[in-house]
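Notes to accompany the following structure.
Computed from a predicted model, the values in this text were never measured in an experiment.
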Amino acid sequence: MINTCFKTNTRLSVMSEWLTTTSLQAKWYRGPWPSLQAAVLFFVSVTGDERKVMKELTSSQVRQMYLDFFEQHGHKIMPSASLVPVDDPTLLWINSGVATMKKYFDGSVVPDNPRMTSSQKSIRTNDIENVGRTARHHTLFEMLGNFSVGDYFKHDAVHWAWELLTGEQWFDFDPEKLYITVYPKDTDAKAEWLDAGVKEDHIVEAEDNFWDIGQGPSGPDSEIFYDRGQEMNNVAEDDPENYPGGENERYLEIWNIVFSQFNHTPEGTYEPLPHKNIDTGMGLERVVSVFQHARTNFETDLFLPIIRATEQLSDGKKYEANKTDDVSFKIIADHARAVTFAIGDGALPSNEGRGYVIRRLIRRAILNGKKLGINEAFLYKLVPVVGEIMKSHYPAVLEQADYIAGVIHSEEDRFNVTLDTGLSLLNDTIAATKAAGKTQLDGAEAFKLFDTYGFPVELTTEYAGDEGLGVDQEGFKSEMEKQRARARNARSSAKSMGVQRALLTDIKSVSKYVGYSQLTVENAKLLDIIVDEKLVDQADENADSAEVIFDMTPFYAEMGGQVADTGSIVDEAGHQVAKVTDVQHAPNGQNLHTVKVTGKLVKGATYTLTVDAARHSKIEKNHTATHLLDQSLRNVLGTHTAQAGSLVEPHYLRFDFTHFGQVTSEDLHKVEQMVNDQIFAEIPVKTVETDIETAKKMGAIAMFSEKYGKRVRVVSVGDFNTEFCGGDHVSNTNELGLFKIVSETGVGAGVRRIEAVTAGDAFKFLNDEESLLSQTAALVKAPQLKEVPHRVEALQGEVKQLESDQRALQAKMAAQQAASAFDNIETVNGTTLIAQQVNVAGMGQLRQLADDWKQKLPSDVLVLATANEGKASLLVAMAPDQVKAGHKAGDLIKAIAPAINGGGGGRPDMAQAGGKNPDGISEALAQAKTWLEK
RNA sequence: GGGGAAUUAGCUCAGAUGGGAGAGCACCUGCUUUGCAAGCAGGGGGUCAACGGUUCGAUCCCGUUAUUCUCCA
């Protein structure tokens with residue numbers, strides 16, 4: 001079938017033009033070295049009626065075709081890795097296909113197959129403001145890529161690219177429509193393209209075709225452009241930007257092929273890499289827009305169904321009716337995809353890091369929904385639509401749709417709360433602005449509403465407008481710029497890709513881990529010794545620490561949360577020569593032991609390796625307990641809980657899992673009970689080694705799918721739980737003895753952490769708790785432990801009764817004191833004064849007396865003093881008419897407080913002071929009289 | 001990673017230049033009444049997030065920490 005758009009559009013077939021000289025000059029000026037003036041002319045030939053008809057492919061077909069092509073050329077199809085980076089703190093999100101390949105390119109892991117291909121979901125948020133306003137900015141996008149880790153290089157990369165693009169059974173693009181850019185100095189690449197069949201006039205030299213991220217691997221690249229014809233353009237034909245690579249909509253960059261061949265050293269030089277790599281990236285959305293003849297990426301089958309669903313939810317708005325609404329439709333479609341995938345991969349909305357990205361995307365979508373007249377929660381309804389579009393390559397989205405929609409829905413509700421509080425703050429601000437007689441809301445105020453309370457400036461402008469006020473947009477922008485500058489200055493520059501640790505990458509010796517069945521290996525041959533980053537033949541005490549590899553080892557290397565084993569290395573003469581302090585996986589998979597050398601280690605000699613068995617046994621118990629806990633959590637809380645991290649140490653285990661909301665104490669008890677039930681049931685723990693498919697059929701739960709090779713170990717605890725796991729486990733659950741949860745806390749929105757102990761540590765924990773209870777029982781004099789709560793309750797009642805009795809008694813005493821204290825009235829300067837030292841408990845009592853005084857007002861002024869435990873307290877109160885006359889209690893007390901070596905103050909009608917000199921009380925009282933005389 | 005804010009009764013929130021911690025709802029008791037959030041009277045419930053500092057005195061000011069919200073990267 002032929003795409004109808006193409007059939008009717010005859011202009012396409014007659015389109016042709018020469019690029020003007022001006023456009024070429026513009027190209028030269030963009031490069032850093034304008035002196036390189038190899039005049040590169042290119043043109044589009046007249047193809048007339050011979051032009052090829054575009055294949056009609058869906059996005060699923062395009063994706064599959066790409067992967068199939070490279071699989072046929074010996075590539076392993078890699079699954080689209082989770083958007084949440086595994087073991088990579090430098091990345092917030094997986095932001096490209098190569099991001100998941102970093103571990104291969106930097107040599108920390110050697111891949112099974114050096115040729116790999118993938119369609120990798122990715123998230124980028126640096127240009128979030130442009131999403132919806134341009135033709136192809138997205139937050140979530142897919143990157144098709146083929147990768148060579150030290151295998152094929154320019155020749156194959158170029159020839160295969162051309163075959164995929166133009167081959168009849170593949171993309172079958174018209175070669176006349178394709179343009180290739182090359183780095184001018186990279187004559188090899190140009191030669192390969194010519195050899196593959198690209199016409200010379202379709203090859204453009206571009207100075208900026210050099211991929212360089214600073215220190216690390218770098219190299220020239222080739223970009224491939226598709227000419228969609230002038231009628232797709234947004235600039236005039238003679239515009240200086242109208243060339244492949246310029247700022248235009250006509251020449252669409254669809255593929256970038258990086259020839260990674262140099263190491264950019266810290267000194268700023270470029271050294272050839274020992275292993276040259278290929279890394280390519282083709283934007284799926286872009287190439288689909290070519291196939292589907294879409295003006296922007298949004299009019300493809302990847303986005304249109306979401307837009308149509310949004311139309312249904314809106315109050316009658318239609319896509320492509322006006323530009324403003326279109327932007328909103330596009331933003332919603334884009335963000336719906338991104339948040340659906342991000343949440344599906346285990347991220348959750350929160351106030352920092354990637355969780356905050358999700359929150360922001362959801363909020364932007366909601367605001368744009370409001371612009372389309374959608375005022376209730378709606379975004380969650382788009383989750384199944386996204387799932388349906390992507391199900392061929394990402395079936396998991398549809399499977400988790402309910403959970404994802406639930407998370408989004410609750411976040412939509414939350415945002416409404418934010419908007420409500422923001423609105424009431426805005427009303428205050430508007431009122432204040434009006435009261436000050438201003439016609440415009442301060443930019444800083446609008447920014448504060450946005451910055452601190454999350455109230456969007458668009459809404460501020462709108463509501464202020466309703467009240468007849470403008471908003472100082474310039475002021476707002478300048479505040480925003482200050483904020484940006486602050487953040488930029490504080491940014492740390494973490495390296496995004498390291499250089500290969502060549503030494504370890506080159507060690508290919510074979511080492512076998514046998515610790516699943518034995519904890520001691522005799523006659524283990526020492527294959528490699530590394531001291532100070534150099535391979536050596538022997539090491540002794542002088543080399544404090546060394547790294548060693550044996551042909552066989554019982555030492556477990558840290559992985560999957562389980563910590564490394566420790567133990568000893570003994571030579572043939574029976575002398576301990578080294579202690580194993582840490583074990584990690586080397587790039588080629590060997591267990592690399594870090595040892596403290598105490599004797600002599602010689603390459604080629606044999607040693608007896610012994611794992612610290614007691615420690616190992618504790619680790620095994622905690623690891624099996626982790627599996628039981630994981631399964632119990634899923635059984636009790638629901639299948640949405642997924643492991644978010646785990647640590648298995650000898651003395652405890654730590655387990656992080658995703659869970660939306662709180663875990664009730666009843667649920668926690670159920671989980672704990674369920675784990676212990678499995679222990680008491682004495683279930684055998686079985687481990688089998690098999691291939692992935694069989695394991696999946698067994699129902700095994702994979703935690704990080706990409707970490708597993710062809711052969712996987714599957715650990716099952718009866719029918720209760722089956723998981724992929726390369727770690728060590730007990731052989732029967734009864735070895736765990738007892739399982740006890742020590743704590744349950746939150747470690748961020750949506751992630752909870754449980755810490756637990758088993759066996760001896762569980763017993764110790766319970767013992768410690770019991771001993772605390774026993775101590776408490778002794779303290780409250782409870783004859784039996786079970787009496788403790790009752791005793792405490794009774795004591796609390798007693799305390800309460802005593803307190804209340806005491807209060808009553810004190811009030812009575814105060815009243816008695818008052819009766820006599822208020823008798824002694826003096827008149828000073830026409831004002832009546834009561835100045836008395838009383839014998840009460842403290843300031844509280846003085847206040848009570850003042851309250852009494854206030855009821856009866858026997859005098860105009862009251863000054864009370866009391867002494868307690870070396871401290872003196874003063875209180876002054878004034879009758880209301882005295883306050884009106886301008887006499888302030890605070891002034892009086894400030895005048896007399898120095899007499900008791902203190903200071904004080906208070907309100908006009910009442911003030912208090914404290915001091916450290918009770919002997920000064922009479923002096924203070926006397927001074928009160930003098931004060932009144934003035 | 002960097003900024004701005006919040007944390008007060010079971011819940012929702014007031015509060016004061018640093019000097020007696022409050023309301024509404026909920027809860028308990030009694031009375032009245034039995035029709036849609038019933039009424040009236042009385043009562044219980046607080047380490048004002050935690051710790052440290054300044055001060056005669058801190059729920060309030062300053063600092064640290066925790067949690068939550070929010071903006072930027």
If you measure from the [atom1] atom in [N] to the same atom in [M], how many Å do you get, rounded?
{"N": "B:A49", "M": "B:C60", "atom1": "P", "result": "8 Å"}
{"N": "B:U59", "M": "B:A9", "atom1": "C1'", "result": "14 Å"}
{"N": "B:U65", "M": "B:C25", "atom1": "P", "result": "41 Å"}
{"N": "B:U32", "M": "B:A58", "atom1": "C1'", "result": "47 Å"}
{"N": "B:C13", "M": "B:G18", "atom1": "P", "result": "25 Å"}
{"N": "B:G15", "M": "B:A50", "atom1": "C1'", "result": "22 Å"}
{"N": "B:C40", "M": "B:C51", "atom1": "C1'", "result": "46 Å"}
{"N": "B:A14", "M": "B:C71", "atom1": "C1'", "result": "28 Å"}

Value in whole Å for how far the [atom2] atom of [N] lies from [atom1] of [X]:
{"X": "A:E445", "N": "B:U70", "atom1": "CD", "atom2": "P", "value": "20 Å"}
{"X": "A:Y453", "N": "B:U7", "atom1": "OH", "atom2": "C1'", "value": "13 Å"}
{"X": "A:R359", "N": "B:U70", "atom1": "CZ", "atom2": "C1'", "value": "9 Å"}
{"X": "A:F447", "N": "B:G3", "atom1": "CZ", "atom2": "P", "value": "14 Å"}
{"X": "A:F455", "N": "B:C72", "atom1": "CZ", "atom2": "C1'", "value": "20 Å"}
{"X": "A:E129", "N": "B:C71", "atom1": "CD", "atom2": "P", "value": "12 Å"}
{"X": "A:D451", "N": "B:U70", "atom1": "CG", "atom2": "P", "value": "12 Å"}
{"X": "A:E479", "N": "B:C71", "atom1": "CD", "atom2": "P", "value": "16 Å"}

By salt bridge (charged side-chain N to carboxylate O under 4.0 Å, His left out), A:R363 pairs with (sequence neighbours left out) A:E411
Mind checking what makes salt bridge (charged side-chain N to carboxylate O under 4.0 Å, His left out) contact with A:E467, not counting sequence neighbours? A:K434
Has [X] got a side-chain atom pairing as donor or acceptor with [Y]'s backbone, closer than 3.5 angstrom?
{"X": "A:N368", "Y": "A:V327", "result": "no"}
{"X": "A:T866", "Y": "A:V838", "result": "yes"}
{"X": "A:N917", "Y": "A:N901", "result": "no"}
{"X": "A:E412", "Y": "A:F378", "result": "yes"}
{"X": "A:S122", "Y": "A:Q120", "result": "yes"}

Starting at the 5' end of RNA chain B, what dot-bracket string do you get if Watson-Crick and G-U pairs under 3.5 Å are bracketed, crossing pairs use [ ], other-strand pairs use | and unpaired bases use dots? (((((((..((((.....[..)))).(((((.......))))).....(((((..]....)))))))))))).
Just checking A:K448: does its NZ atom have more than 12 heavy atoms from other residues, nucleotides or ligands closer to it than 6.0 angstrom? no
Restricting to side chain to side chain donor-acceptor pair (under 3.5 Å), what partner residues turn up for A:R136, sequence neighbours left out?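 Per chain and number, A:R136 pairs via side chain to side chain donor-acceptor pair (under 3.5 Å) with A:E249, A:N297.
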Can a side-chain donor-acceptor contact be found between A:E445 and A:T460 if the only test is distance below 3.5 angstrom?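 No pair is found: no donor N or O on one side chain lies under 3.5 Å from an acceptor on the other.
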State, without any angle test, whether A:E479 and A:Q483 hold a side-chain donor-acceptor pair at a distance under 3.5 Å.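 Short answer, no.
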Could you list the protein-to-nucleotides 55-57 of chain B atom pairs, N/O on both sides, closer than 3.5 Å?
residue : atom : partner : partner atom : Å
B:C56   : O4'  : A:G914  : O            : 3.2
B:C56   : N1   : A:G903  : O            : 2.9
B:C56   : O2   : A:G903  : O            : 3.4
B:C56   : O2   : A:G914  : N            : 2.9
B:C56   : N3   : A:G903  : O            : 2.6
B:C56   : N4   : A:G904  : N            : 3.2

Would you mind telling me which of B:A5, B:C72, B:U70 lies closest to the side-chain atoms of A:R363? B:U70
Counting side-chain heavy atoms from C-beta on, which of B:G4, B:G19, B:C71 comes nearest to A:Q483?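 The listed nucleotide nearest to A:Q483's side chain is B:C71.
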Are [X] and [N] close enough that a side-chain N or O sits under 4.0 Å from OP1 or OP2?
{"X": "A:Y356", "N": "B:C71", "answer": "yes"}
{"X": "A:T418", "N": "B:U70", "answer": "yes"}
{"X": "A:R360", "N": "B:U70", "answer": "no"}
{"X": "A:R484", "N": "B:A73", "answer": "yes"}
{"X": "A:R486", "N": "B:A73", "answer": "no"}

Tell me which of A:G454 and A:V357 sits closer to the 5' end of RNA chain B, going by the nucleotide each one is nearest to.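 With A:G454 and A:V357 compared, the 5'-side residue is A:G454.
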How do A:A911 and A:K448 order along RNA chain B: which one's closest nucleotide is nearer the 5' end? A:K448
A:I834 and its side-chain contact (heavy atoms from CB on, under 4.5 Å) partner, picked from A:D860, A:N824, A:V861, A:L862: A:L862
Pairs: protein N or O with nucleotides 11-17 of chain B N or O, under 3.5 Å:
residue : atom : partner : partner atom : Å
B:U17   : O4   : A:G906  : O            : 3.3

Test side-chain hydrogen bond (donor to acceptor under 3.5 Å, both in side chains) on A:S218 and A:D212; report intermediate values, then the result. CA-CA 5 Å; A:S218 65; A:D212 194 347; 4.6 Å; no
